[in-house]
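Data block below; observations after.
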Amino acid sequence: MTLESVAGLYNYWVVIFLMMTGFYIVLARKNLIKSVIGLNIFQTSVFLLYITMGKVEGGTAPIVPPAIAAAQAHAAHGSDAGHAATPHVEGAHEVAHAALQHGGELASTTTEIIYSNPLPSVLMLTAIVVGIATTALALALVVRIREDYGTVDEERILELDRGE
Amino acid sequence: MTGFPIIRIITKLLIPYILLFAFYVQFHGDYGPGGGFQAGVIFASGLILYGLVFGLHAIKKVAPPIVIEKCMALGVLIYAGTGVLTMALGGKFLDYSVLEHDVLPHWHVPSGQHLGIFLVELGVGITVTAVMTMIFYAFAGRKQV
Amino acid sequence: MIVLEIASYFFLIAGSIFSVIGGIGLVRLPEFYSRMHGGGITDTMGAGLLIIGLLLLAGPTLTAFKLFVILFFLTVTSPSSCHALAKSAISHGLKPQLDVENDIELPTISGGNPE
Amino acid sequence: MTPDLLPSELTAGVLMATSFAVLLTMTLALIRAALGPTVFDRVLALNMFGTKTVLLISVVSFVTGRSDFLDLALLYSLMNFIGMVALLRFTQYNDFGGSVAAPGESETR
Amino acid sequence: MNLIVFALLALLAITAVAIAQLRELWAVIMFTGIYSFLSASWMIILDAPDVAFTEAAVGAGISTVLMLSTMALTGKAEDIPRKSSVVPLFVVIVTGATLVYGTLDMPHFGSPDAPVQVYPDPSFVERSEADMHGLPNVVTALLASYRGYDTLGETTVVLTAGIAVLLILRKNEDEQDDTAPLARNKSS
């Protein structure tokens, strides 16, 4: 267990801590609303796990900065007239380089911009909205349970079900 | 919240900007952070804020549940309709490249992908707005037993 | 240019000092209404000065416009919600502790929301 | 990373110091929210926490040189207000649907 | 930058523990809002502004409103702890230890050779530069174009969940609280 691996892995450990906190809330608390909140925390920690994996050291967000994007679009329109041909990846690199030289004050950069991985972002983005919709469903069920049983306490509900 | 006149005034002041911001997020989503999901949630939050401050009957006048209900399905319809449109134009389902030369040839759309992404995000935005607003109506319209 | 940067440093540091002071006040002051003072300092002076500092750093760009909008939102929403909070607290019967020497009858602040 | 967008050394240092001050304030607000004897102390701390998050995002976006993410700070301030209004409505009326709103009507409680 | 991240993570962990410990539900909901803000801040630092956008809007806005309205409907029930919380604690610690053991083989944080970064080669950023004709936000391009089917599915799931909530909670205008025969004799 070197210091290097601690520095490389602590993110995962924090995520696991949060995940286990959510799990503990679900297990140890009887109130149904609290359980839903615990599930929410668990869910958020999963989002954080995915986003953590997508980060690249020294990278930036996968949104091309406006200045570079404008230069790029200009270069792309200038070079190939029709969009019909599918450019190769090397072509994209050249376009990016041309854009870097094109955009005046950006010319000093020989290093390419590193972008973090956009794929985890996409997966989690949809998952968050689906998550709130399903949370709303769970809360609706909690409301109905309260209306029928008069309580949101798990053990009380079980007792009522057993007919005590 | 009749007890809070200042909150009422501030809400009246803010809501146009919230809705404008939602539109900005929706239509600027290709260029900065944002997109249909976020814009839908923000738009719905604007409506919910109005409902919180002025009451459920006021917000139901602004956004009638019957219309919002239809919008829930309308968004998915726009999304899937885009896919069917691309199929009708000879491409694959949701292959936006075919939109480029066949739809709106006189409009200077940057590319078929742009147009397709715009339509799809619009559908997502409409559905998310409608679903969130309807969920709020469902919860707020219920009386405590 | 360098003048602007130095001014922005000044505003940034002043803003952070104000926010920390407000935070300490929020923790250490004895009761709710005086804590509100600490919260108010961070929300107005702290946030305002910080954003002015960032504005000077940004220069006349789109960023500056966005910062200006944020400043507008903060100055509008934060004090009004603080006000509503205080009003709600008073109408719930939370009385301010007044440090009065003599046994004077306290002014009736708590009667804010007669129903 | 885009070197042209990054701030200079001194500016970055000041921005880091500022963000630490903001984080310290956030910690203090969290302490008050955890201690808070009354409802209102907690809500006050929450409001302050939201404002500080807005500031933190603004400052961090300057540190990383991606100041086009200030939209997020804008969104945070709006959401903070909505959350505050919801909490106030809950503490004051304890329901969300009631007809407390029509101007001229008296409050239900 | 690292120090900011450490401080944020510490605050996040403290908030999570506070959520687990607090008894009053509305205070828990308030802390959930704080948790959401904090995790969104971390997401921004982890280069995912789009996700942070969604998380802030959903977690701090809609989620708070929904939970508070649920509480308004269910009453301010206190959260009474179980008699023994030893077993859940034990389960949680064992599971957590297993997961931590599992992370020891994970690629280090931010390493560019991690399987996640290497597998789709060339990466989506480069691919979309070619395909999308200068659409700057790669996340949107991925969401709506490369993973268009998936997003259609997600939208349908949102629609379905909304319909389900409506089916559960909606009442007719004339039908007032005539359900809940159990509730009456319990709550009185």
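Order of the sequence lines sets the chain letters (A, B, ...), proteins ahead of strands, with each chain counted from 1. If you're wondering where the values come from, they're calculated on a predicted model, not measured in any experiment.
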Side chain of [X], backbone of [Y]: donor and acceptor closer than 3.5 Å?
X: Ser69(E); Y: Phe139(B); result: no
X: Thr151(E); Y: Leu143(E); result: yes
X: Ser111(E); Y: Pro107(E); result: no
X: Thr86(B); Y: Gly83(B); result: yes
X: Asp50(E); Y: Pro33(B); result: no
X: Ser63(E); Y: Ala60(E); result: no

Identify which part of [X] has an atom lying under 4.5 Å from any heavy atom of chain B, answering side chain, backbone, both or neither.
X: Leu159(E); answer: both
X: Ile163(E); answer: both
X: Ala56(E); answer: neither
X: Val65(E); answer: side chain

Part of residues 9-26 of chain B lying next to chain E, heavy-atom separation under 4.5 Å: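 Residues in range: Phe21(B), Val25(B).
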Can you say whether [X] sits under 4.5 Å from chain E via the side chain, the backbone, both, or neither, judging by heavy atoms?
X: Ile117(B); answer: both
X: Met132(B); answer: side chain
X: Val120(B); answer: side chain

side-chain contact (heavy atoms from CB on, under 4.5 Å) between Leu94(B) and Tyr79(B), worked out: CA-CA 9 Å; Leu94(B) 291 177; Tyr79(B) 199 134; 3.9 Å; yes
Max heavy-atom pair count under 4.5 Å with chain B, selected residue of Val138(E), Ile168(E), Val165(E):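 So the answer, after comparing Val138(E), Ile168(E), Val165(E), is Val165(E).
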Pair Arg147(E)-Asp150(E), salt bridge (charged side-chain N to carboxylate O under 4.0 Å, His left out): steps then yes or no: CA-CA 5 Å; Arg147(E) 294 185 62 84; Asp150(E) 183 52; 3.1 Å; yes
Candidate pair Phe53(E) and Phe37(B), rule ring pair (Phe, Tyr, Trp, His ring centres under 6.0 Å), full reasoning: CA-CA 10 Å; Phe53(E) 224 110; Phe37(B) 283 103; over 10 Å; no
Atom pair CD1 (Ile48(B)) and OH (Tyr137(B)), whose distance is rounded to the nearest 0.5 Å: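 Output value for this atom pair is 9.0 Å.
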